[in-house]
K.L.:
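Sharing a structure, written as C-alpha cells. Questions coming.
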Amino acid sequence: MAALEIRDLHKHYDGFRALDGANLTVPEGSLYGLLGPNGAGKTTLMKSVAGLRRPNSGRIHLFGRPLERRLLTQVGALLESPGLWAHLDAVAHLRIHARLRGVPQRRIDEVLELVKLTEVRSRKVAKYSLGMRWRLGIAIALLGRPRLVVLDEPMNGLDPVGIRDMRATLRSLAETGTTVMISSHQLAEVSQVCDQVGVLVAGRTAYEGPLHGLAVDGDLEEGFFRLLEQAGSDVR
Ligand SMILES: Nc1ncnc2c1ncn2[C@@H]1O[C@H](COP(=O)(O)OP(=O)(O)OP(=O)(O)O)[C@@H](O)[C@H]1O
C-alpha cells in the first residue's frame with residue numbers, strides 16, 4: 001500500500017496555479033525526496049498533505065484512505081522553522097507538546113533518541129546549532145507516532161556536520177518503519193538518503209520513480225538538469 005497517493009492535485013492562489021495537476025505515489029516505508037526548483041509547488045503540496053492548505057481539486061489518499069481531519073494525526077510535519085523558546089531545553093519543549101497532545105511522557109526519551117539529541121537534552125535551545133533546532137522540531141513532530149513525516153527543506157542552511165546528522169536522523173526514522181518525505185531544490189541533498197524521488201516543475205510532476213532512473217548515461221546530475229530544462233520549456 002502507498003503511504004501517500006496524490007492524483008491530479010490543483011491549488012490556485014488568486015488564479016496562479018501553484019499546483020497544476022500534480023501526481024505522486026509515496027511507497028510505505030520509503031525515504032522519499034520531493035525535488036523541484038524554487039516556486040515549483042513543493043511547500044504547497046506538503047502543506048496540503050498536512051491539512052494546512054485546501055486544494056482546489058484532486059485527491060490525496062493517506063494509507064489508502066481519502067485524507068480527512070481525523071487522519072491528520074498520522075502525519076507529522078515540519079514545514080517551516082520550528083517555533084522554539086531559546087531559554088528552554090529540549091525536554092521542556094517536549095513535555096509541553098506531549099501534555100498538549102495527550103502523549104505519555106515516556107515517549108520523550110524515544111523521540112530524543114531518534115533525533116540523536118539525548119546527550120544535549122538539558123541544554124538550552126539558545127545554545128543549539130541550526131541543525132539541532134531542526135532535529136528538535138522533528139522530535140516534536142514525532143511525539144504522536146505519525147506514520148508519515150513530511151519535512152520541508154530539512155537540510156536548508158545546515159553545515160556539513162548538520163547535514164550528516166540530519167541524514168542519520170532521517171535514516172533512523174525510516175528504519176523504524178516511518179515513511180519520510182523531504183523536499184529540496186538540491187539534487188545532492190536528497191541523492192544520499194532517498195530511494196524514491198518525485199520532481200515537480202511548475203506544479204506538475206515531471207518525474208517519479210527510483211533515484212537512479214533520473215540518470216542520463218549514468219550521470220544523475222545531468223539527467224536532473226535535462227529534466228528541469230525539458231519540463232520548464234514544456235510549461236512555457
Ligand atoms: N499564500 C500564497 N499566496 C500566493 N502565492 C503563493 C502562496 N504560497 C505560495 N505561492 C506561490 O506559489 C508558487 C509555489 O510556491 P511553493 O512555496 O509551494 O513552492 P516551492 O517549490 O516550495 O518553492 P521554494 O523552493 O522556493 O520554497 C510560488 O510561485 C509562490 O510564490
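When a ligand or atom number is given, it counts from 1 through the structure's own listing order.
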K.L.:
Check whether the side chains of T25 and R7 place a donor and an acceptor atom closer than 3.5 Å, and report yes or no.
P.N.:
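Yes, because at least one side-chain N or O of T25 sits under 3.5 Å from a partner of the opposite role on R7.
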K.L.:
Keeping E221 on the side-chain end and L187 on the backbone end, is there a donor-acceptor pair under 3.5 Å?
P.N.:
no
K.L.:
Salt bridge (charged side-chain N to carboxylate O under 4.0 Å, His left out), that's the test. Do R121 and E113 meet it? Break it down for me.
P.N.:
CA-CA 10 Å; R121 54 188 288 149; E113 196 53 38; over 6 Å; no
K.L.:
Any ion pair linking E110 and R107 (charged N to carboxylate O, less than 4.0 Å)?
P.N.:
yes
K.L.:
Does the N or O separation between K42 and ligand 1 drop below 3.5 Å for any pair?
P.N.:
yes
K.L.:
Within the 4.0 Å heavy-atom shell around A40, which atoms of ligand 1 are there?
P.N.:
19 (O), 20 (P), 21 (O)
K.L.:
How far is atom 13 (C) of ligand 1 from its nearest protein heavy atom, and which residue and atom is that?
P.N.:
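Protein heavy atom at minimum distance: F16 CE2, 3.5 Å.
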K.L.:
Which is closest to atom 14 (C) of ligand 1 in terms of heavy atoms, S183, G39, G203, S184?
P.N.:
G39
K.L.:
Determine if the distance from atom 23 (O) of ligand 1 to the closest protein heavy atom is below 4.0 Å.
P.N.:
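True for atom 23 (O) of ligand 1.
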K.L.:
Would G41 count as a contact residue for ligand 1, given that I'm defining contact as a non-hydrogen atom of the residue lying under 4.0 Å from a ligand atom?
P.N.:
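Yes.
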K.L.:
What protein heavy atom lies closest to atom 1 (N) of ligand 1? Include the residue and the distance to one decimal.
P.N.:
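Checking every protein heavy atom, the shortest distance to atom 1 (N) of ligand 1 gives Y13 CE2, 3.6 Å.
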K.L.:
Within the structure, does R53 bring an N/O atom to less than 3.5 angstrom of an N/O atom in ligand 1?
P.N.:
no
K.L.:
Distance alone, cut at 3.5 Å: any donor-acceptor contact between the side chains of E208 and Y32?
P.N.:
yes
K.L.:
Does one side chain, of T205 or N23, offer a donor that lies under 3.5 Å from an acceptor on the other?
P.N.:
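Not at all, the side chains of T205 and N23 share no donor-acceptor pair under 3.5 Å.
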K.L.:
Minimum distance, heavy atoms only, to atom 17 (O) of ligand 1: which one of L35, T43, L34 is it?
P.N.:
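Among L35, T43, L34, the closest heavy atom to atom 17 (O) of ligand 1 comes from T43.
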K.L.:
For ligand 1, does P37 get within less than 4.0 Å through its side chain, its backbone, both, or neither, judged by non-hydrogen atoms?
P.N.:
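Just the backbone.
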K.L.:
Would you say atom 4 (C) of ligand 1 makes contact with the protein, given that contact here means a non-hydrogen protein atom less than 4.0 Å away?
P.N.:
yes
K.L.:
Is the side chain of R147 donor-acceptor paired with the backbone N or O of A3 at a distance under 3.5 Å, no angle test?
P.N.:
no
K.L.:
Hey, are S30 and D195 close enough side-chain-wise for a donor-acceptor pair under 3.5 Å?
P.N.:
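There is no such pair (donor and acceptor under 3.5 Å, judged by atom type) between the side chains of D195 and S30.
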K.L.:
Short list, please: which atoms of ligand 1 are under 4.0 Å from a heavy atom of E153?
P.N.:
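Near E153, the atoms of ligand 1 are 25 (O).
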K.L.:
So, for N156 and L130, which heavy atoms are closest and what is the spacing to 0.1 Å?
P.N.:
O-CD2, 3.9 Å
K.L.:
Identify, by atom number and element, the atoms of ligand 1 in contact range of N38, meaning under 4.0 Å from any of its heavy atoms.
P.N.:
23 (O), 24 (P), 25 (O), 26 (O)
K.L.:
To check your reading of the model: name the closest protein heavy atom to atom 15 (O) of ligand 1, its residue, and the distance in Å.
P.N.:
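Among all protein heavy atoms, the one nearest atom 15 (O) of ligand 1 is T44 OG1, 4.0 Å.
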